[in-house]
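Throughout, a chain's letter reflects where its sequence line sits, starting with A, and its residues are numbered from 1.
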Amino acid sequence: MDAVFTKPTIEYADIWPLVLVFAVACIGVVIEAFVPRERRFIVQTVLAGAGLVAALVGTVVVARDLTVHADGAARGAIDVEGTIAVDGPAVFFWGLILIVALGGVLLFAERRLEGGVSAFAGQAAALPGTEAERQASKIGLEHTEIYPLLMFAVFGMMLFPTANDLLTLFVALEVLSLPLYLLCGLARRRRLLSQEAALKYFLLGAFSSGFFLYGVALTYGFAGSMQYADINEAVRNDLSNQSLLLIGIGMLTVGLLFKVGAAPFHSWTPDVYQGAPTPVTAFMAAGTKIAAFGAILRLFYVAFGSERWTWQPMLWVVAILTMVVGAVLAVVQTDMKRMLAYSSIAHTGFLLTGVLGVQQASDLSDGEVTSMQAVLFYLTTYGFAMLGAFAVVTLVRDSSGEATTFARWQGLGRRSPLVAGLFAFFLLSMAGIPLTAGFVGKWAVFTVALSAGAWPVVIAAILCSIIAVFFYVRVIVLMFFVEGLPDGEVASVTRPSLLTSATIAVGLAATVVLGVVPGPVLTLAGHAGQFLR
Amino acid sequence: MIAFWILAPIMVLAALGILFVRKAVHAALLLAVVMISLAVLYASLDAPFLFAVQIIVYTGAILMLFLFVLMLVGVDASDSVVETIRGQRILAIGAGVLLGTGLVVGLGQISLGTAVGLDDANAPGNIQALADILFSRYVFAFETTSALLITAAVGAMVLAHRERLTPKARQPELAAQRVKDYAEKGTHIGPLPPPGVYARHNAVDTPALLPDGTAAPTSVSRVLIARGTIRSAPATADAIDEIEKQIGWAPHSGGSGAATPPATTDEEAPAAGDGA
Amino acid sequence: MNIQAYVVLSAILFTIGCVGVLTRRNAIVVFMCVELMLNASNLALVAFAKQHGNLDGQIAAFFVMVVAAAEVVVGLAIIMTIFRTRRSASVDDASLLKY
Amino acid sequence: MSDFPWLTALIVVPLVGALVTAVVPEPRRETALPKQVALGFSLVTAVLGIVIATQFHAGDGMQLTETHTWIEAFGVHYALGVDGLGLLMILLTVGLVPVVFLASWHEADGRNPAAFFAWALALQGFALCVFAATDVFLFYVVFEATLIPAYFLIGGFGREGRGFAALKFLMYQLGGGLVLLAAVIGLYVVSADAGTPSYLLSDLQQLDMSTAWERWLFVGFMIAFIVKAPLFPLHTWLADTTEKATPGTSVLLVCILDKIGTFGMLRFCLGIFPNASQWATPVVITLALISIVYGAFLAIGQDDILRLIGLTSLSHFGFITLGIFALTSQGGSGSILYMVNHGVGTAALFLLAGYLIKRKGTSLISEITGMEKRTPVLAGLFLVAGLATLGLPGLSQFVSEILVMIAAFDYHWWVGAVAVTGIVLAAVYVLWLYQRTMTGPSVPGDEGILDLGRRELVAVVPLLAALVVFGFFPQPMLDAVNPTVDSLLQHVGVSDDPPTVPAAEEGAH
């Protein structure tokens with residue numbers, strides 16, 4: 001039997017934003033090789049920014065052209081031999097990731113805070129505290145490789161929620177992770193901490209991808225195929241070998257939950273968020289979570305949709321545990337970045353609350369919020385708030401760089417009311433105070449969970465919200481109502497360039513607008529519809 | 001199946017060995033055993049291509065990389081058995097046993113039925129069939145892996161490559177610098193003194209003695225001082241009785257003078273280390 | 001041909017790798033144990049490929065090798081940086097970030 | 001004229017005022033300019049309130065309604081409207097804020113006065129929106145939003161230890177708020193199950209829900225309102241807050257913000273969950289009685305004037321809740337009237353106590369004595385306000401108290417009997433307070449203390465005047481309120497015939 005090779009069809013019209021980001025990343029690497037050092041910074045930033053904007057425009061164009069399917073619930077197409085699903089939710093995730101990435105590029109390119117250099121190590125290979133390092137920073141060296149690395153990560157993030165088979169999913173997971181491992185270790189200040197964060201992130205990340213992969217193997221063993229649609233088919237029809245499937249689902253979940261930082265797989269989050277350069281933390285906290293939730297949603301809804309009754313209880317437990325761990329441990333933190341990290345863990349729990357609210361379309365009444373809509377909206381609000389909050393953290397500095405311990409933030413409200421006010425606003429949004437985006441997001445995920453009958457989770461979520469409010473408000477008290485220490489012992493606000501200001505402004509605007517008139521974005525999220533099976 | 005039953009115990013034992021050996025390099029070698037056995041199993045599972053790739057890529061490239069890094073880190077690198085988190089090891093083993101039992105029991109009770117076998121799929125040849133799938137259905141994933149490889153290359157460059165920031169000093173510059181140092185700071189201009197002459201088996205680790213009987217710290221390599229393997233000449237003198245006994249000489253009676261050395265390199269070593 | 005035996009073997013290897021990650025302290029050895037886990041997954045993939053009579057599993061195993069290669073480069077680069085800074089590859093010595 | 005969005009204007013004006021006050025440029029920050037701006041805006045708001053009152057026709061149900069879709073996916077509307085209840089609350093709010101501004105003119109000096117006035121205006125704007133909201137979601141949003149300005153008012157201005165008091169206040173309130181959130185979400189689920197989700201009060205009143213759902217949701221709403229109002233056992237934030245905050249802030253909190261709790265009980269608990277309200281009556285009335293007596297006893301034991309006044313409110317809110325859950329028309333009207341009168345009377349007490357504390361530099365009763373001699377006007381006004389609080393006939397509180405008492409006795413004789421002890425105890429704490437602080441020999445060192453100034457008088461005299469006027473002419477208020485109460489009770493299913501109905505209720509057994 002001579003197999004005739006048939007040329008694969010690749011629908012470039014649908015996936016070109018994805019390809020564009022990839023191409024920009026590759027061009028960035030080439031630029032490293034050929035453009036003189038003094039011009040690299042400007043070329044790389046402009047290229048990365050322009051590439052992302054173009055991809056964003058492309059995403060909009062693609063989104064408008066998606067074919068509507070017969071039942072009207074889903075739009076889009078499954079492309080590239082069934083490995084990539086470009087549907088409504090997928091393009092929504094693309095757009096969100098690209099916006100966050102744009103914010104990331106702006107923060108990466110900020111050079112005013114460090115007095116003319118970026119927040120990244122001048123020469124990562126130079127040992128900390130050596131003459132070589134001092135020399136490198138003296139002549140203002142900086143790694144412009146961070147932009148291609150960022151773009152590769154963005155590419156992975158975009159591919160992650162789009163992947164329609166387990167193999168592509170695994171590759172995307174690695175593509176998004178590897179650049180982030182590297183970026184984490186490149187801080188200019190506190191390099192030991194940064195390298196250590198990279199090591200921890202890497203080791204635990206590799207560990208979790210081991211689990212993920214074993215899950216892939218077992219699921220493949222159960223279904224005999226990597227494609228989501230085939231898996232769904234097998235799950236629906238095949239009643240033998242349930243244990244194979246269950247173990248497979250469990251292992252896959254471990255890998256994915258690790259990426260979103262859900263308890264009990266959260267232990268890397270605070271360390272990595274604290275050690276990584278703050279621009280990376282901002283980008284990673286928002287981007288990874290968005291991408292990973294996209295993947296979780298697609299995997300669970302499309303591939304394991306028929307097994308809802310087995311994985312939903314598991315997610316119940318994980319969601320409750322995550323919220324409790326995040327909220328309770330955040331209370332005892334004394335470092336701003338760690339506190340935000342634990343808060344992001346708590347947010348993961350809230351998001352999971354939304355994920356487990358999935359119901360059959362027939363169970364929902366007209367115009368009722370769907371689980372997908374709720375999670376998409378929550379991710380939007382969360383992404384902007386995280387980006388904004390970490391951007392503010394980069395501004396508060398003392399002589400040794402960013403000052404992230406609580407003690408140094410004392411009385412910031414009196415010295416810099418604007419910055420402290422902005423930070424307070426982001427915190428209030430994360431706490432879910434009405435008229436901020438966070439509130440609407442929380443409302444949406446709680447609603448879908450309650451509709452699906454997960455009232456114990458909702459009650460736990462409410463209790464955790466109360467705890468969460470406490471630690472957010474504590475920071476506000478610290479900034480506004482605690483008398484500051486003498487000037488030398490507290491941090492002050494450094495005036496940023498337009499880049500960081502723009503990021504904060506966008507984050508703020510989004511948080512306000514989504515809080516006051518969430519309608520359009522909710523509608524957009526609703527319009528994204530369901531996953532294409 | 002014969003290959004399986006022979007190799008499976010070997011693999012499990014080798015893998016268990018990784019858990020228990022102290023030295024990292026032994027772990028790497030045990031891992032190599034597992035990987036090569038795996039390659040054989042792949043061959044027995046109708047995957048000749050993977051058999052080759054496993055040996056070439058995994059055992060040949062990846063594991064060698066591990067060994068390189070182990071060389072850089074120091075082959076002697078071994079684990080400490082001190083627990084930093086109390087009970088963590090016990091807990092980890094407990095969790096592992098639980099996971100293992102769960103997996104083995106769970107996977108042991110499945111009934112897979114008769115294997116379909118790969119005779120049909122491999123009909124055009126295993127490599128051709130794989131290529132067919134690789135370049136059609138998984139072509140995008142395949143292309144995507146290039147992102148991984150580029151990332152890896154860029155990452156290795158960023159973390160390991162150090163650019164020269166100042167021009168490398170050559171012989172004339174070095175010579176000029178030495179003379180300058182001598183003029184300004186009085187640094188000794190000539191070569192450093194050679195090590196001591198009390199050669200027993202490795203003279204370079206024995207410092208030379210100055211006229212007043214003290215050890216000359218500059219006469220031994222800094223590296224040896226840092227490692228702490230230098231031998232002090234007076235200490236050697238102490239051992240003279242022992243040596244004489246061994247070679248059959250009468251014990252030397254007047255050794256007390258040597259027993260109170262004016263200085264030892266052990267005392268000098270930290271100072272030399274600081275200077276370096 | 002008993003595929004199940006292969007699967008159980010892979011489960012055992014996977015578990016051993018997992019325990020190794022949790023108990024060993026040397027970053028390089030920890031990383032080797034991760035590689036052991038990946039290899040165990042590969043074995044399962046290849047075994048299942050034979051069971052189902054399609055080559056997806058073998059392709060997946062191939063991809064895993066590529067991914068592992070890239071991951072090893074990145075990982076060892078990070079470990080080397082840490083080692084050069086601290087002269088130690090122990091996971092515990094890197095503990096500035098302990099809570 | 002009638003198409004003009006009066007209610008929106010009423011809400012927007014103070015919010016804009018807050019913004020304008022907040023952005024007064026730096027050099028003029030410390031001058032009187034921000035205060036004048038804020039006072040101007042509060043007066044405009046008051047005028048708007050009066051205009052709205054003139055357009056109001058008692059008995060026409062919800063009026064001046066505005067309904068716009070806000071978040072379609074959630075069935076949320078920006079819906080406003082006033083009935084008699086809402087109107088009185090709005091008038092109370094617009095009336096008290098200028099008074100507070102005048103009285104607190106120098107309260108925040110040296111601590112960024114512009115911020116104090118801006119936050120107070122923001123608080124007013126949100127509070128007005130709360131009272132006008134006819135959409136549960138909108139209500140919830142502004143209900144929570146009021147906490148932010150309140151938090152900054154407590155935490156930013158006042159006495160030592162205010163930071164902790166503010167935190168305690170916020171945690172209690174947000175805790176209650178989040179419980180309410182759960183209930184609001186539950187309401188959505190019920191509403192969605194019944195068809196298209198909607199949060200409009202008018203839609204929700206038609207909603208047919210199962211008994212279990214109704215009771216759970218009622219409990220959720222009620223807990224939030226009990227924290228807000230406050231009632232025993234969720235009252236512990238109250239005394240700390242009033243002690244540490246400035247008197248002006250306390251007025252805003254206790255006299256306006258806490259009314260949201262009892263307002264919510266009337267509008268939402270009775271309006272949306274009529275059956276559950278009846279079901280819960282015994283428990284709520286028990287809590288109310290405990291609050292009445294316990295609050296009074298606590299008040300008697302206090303040595304801090306502001307704490308004392310704060311705790312009297314606990315007792316008063318017990319009365320109001322008792323009136324509401326007696327489920328009779330006298331009780332309902334009485335409690336609404338009580339809300340207004342308590343607002344005015346307690347405001348007067350707080351402000352006068354503030355004047356006193358400012359003069360003496362301490363708020364400890366044991367350190368203040370014989371002020372009658374030095375400050376006769378202050379003492380006289382304090383006495384009048386105090387007498388109003390204890391329900392002296394001829395002063396406004398008497399009318400409302402009588403109505404509530406009638407309802408209580410109708411409900412069951414022992415309920416009335418317990419409630420009466422509250423009145424007796426009120427006489428004790430008010431008169432004893434007066435006796436300890438005002439009478440007696442004046443102390444040396446008080447010579448320099450002056451009586452009330454013109455600004456201070458202008459601030460409190462309208463309040464005292466209102467106490468007297470409403471004491472003699474409560475009719476206009478009753479006219480506005482009665483139709484609202486009647487329709488509510490009808491909705492609850494208690495066809496109101498005061499003497500007979502309470503006996504028929506299950507709570508009586």
Side-chain angles (χ1 to χ4, degrees), chain A residues 1-3 5-8 10 15 22 25-26 29 32 79-84 121 123-126 132 135-136 138-139 141 143 145-146 148-149 152-153 155-156 159 163 165 167-168 170-172 174-175 178-179 181-182 185-186 198 214 218 221-222 224 226 240-244 246-247, chain B residues 85 88 91-92 95 99-113 115-116 119-166:
Chain A
M1 184 181 98
D2 274 330
F5 179 72
T6 42
K7 191 169 143 296
I10 298 177
I15 61 165
F22 188 25
C26 295
V29 176
E32 279 305 311
D79 295 334
V80 198
E81 304 287 316
T83 54
I84 290 179
Q123 195 171 29
Q135 240 172 25
K138 201 167 72 194
I139 47 178
L141 277 193
H143 279 298
E145 290 94 341
I146 54 173
L149 287 178
F152 279 126
F155 170 62
L159 187 60
D165 69 295
L167 188 52
T168 315
F170 175 66
V171 175
E174 293 296 324
V175 173
L178 286 192
Y181 300 150
L182 289 166
L186 296 182
Y214 203 62
L218 295 184
F222 174 78
M226 296 272 174
S240 60
N241 296 337
Q242 280 289 313
S243 60
L244 192 58
L246 287 185
I247 297 174
Chain B
I85 307 172
Q88 188 238 17
L91 215 66
L99 173 79
T101 329
L103 278 181
V104 171
V105 170
L107 297 178
Q109 63 173 333
I110 57 174
S111 53
L112 287 169
V116 176
D119 296 341
D120 283 352
N122 276 345
N126 178 255
I127 294 175
Q128 285 84 342
L130 280 177
D132 193 348
I133 304 179
L134 187 60
F135 294 117
S136 61
R137 193 186 312 154
Y138 294 116
V139 67
F140 197 82
F142 179 70
E143 298 291 342
T144 305
T145 49
S146 66
L148 281 177
L149 298 176
I150 299 173
T151 306
V154 172
M157 289 291 284
V158 168
L159 289 182
H161 175 68
R162 224 168 85 195
E163 282 175 83
R164 177 162 290 285
L165 303 171
T166 46

Nearest heavy-atom approach of A:Phe22 to B:Ala147 is CE1-CB, 3.6 Å
Of the backbone (N, CA, C, O) and the side chain (C-beta and beyond), which part of B:Val158 lies under 4.5 Å from a heavy atom of chain A, both, or neither?
both
Return the minimal non-hydrogen interatomic distance between B:His161 and A:Gln123, and the atom names on each side.
O-NE2, 4.4 Å
Atom group of A:Leu167 that falls short of 4.5 Å from chain B, counting heavy atoms:
side chain
Proximal component of B:Leu99, with respect to chain A [non-hydrogen, under 4.5 Å]
side chain
Where on A:Phe170 is there a heavy atom nearer than 4.5 Å to chain B: the side chain, the backbone, both, or neither?
neither
Minimal heavy-atom distance between A:Ser243 and B:Gly106, with the atoms involved, is OG-O, 3.0 Å
The side chain to side chain contact (heavy atoms under 4.5 Å, CB included) partner of B:Thr144 among A:Val171, A:Thr168, A:Thr83 is A:Val171
Hey, what do you get for CG (A:Leu244) to CD1 (B:Ile110), rounding to the nearest 0.5 Å?
4.5 Å
Identify the heavy atoms of A:Leu182 and B:Gly155 that sit nearest to each other, and give their distance.
CD1-CA, 3.4 Å
Stepwise side-chain contact (heavy atoms from CB on, under 4.5 Å) check, A:Leu178 with B:Leu148:
CA-CA 7 Å; A:Leu178 286 192; B:Leu148 281 177; 3.4 Å; yes
Region of A:Ile146 in contact with chain B, defined by heavy-atom distances below 4.5 Å:
neither
Can A:Glu145 and B:Met157 be said to form a side-chain contact (heavy atoms from CB on, under 4.5 Å), step by step?
CA-CA 10 Å; A:Glu145 290 94 341; B:Met157 289 291 284; 5.7 Å; no
For each of B:Val116, B:Leu103, B:Thr145, tally heavy-atom pairs with chain A at distances under 4.5 Å, and name the one with the top tally.
B:Leu103
B:Gln128 versus chain A, heavy atoms under 4.5 Å apart: side chain, backbone, both or neither?
neither
Chain B contact via A:Leu246 - which portion, at a heavy-atom distance below 4.5 Å:
neither
Check whether B:Phe135 gets within reach of chain A through its side chain, its backbone, both or neither, counting any heavy atom under 4.5 Å.
both
State, to 0.1 Å, how close B:Leu159 and A:Ala124 come at their nearest heavy-atom pair, and which atoms those are.
CD2-CB, 4.1 Å
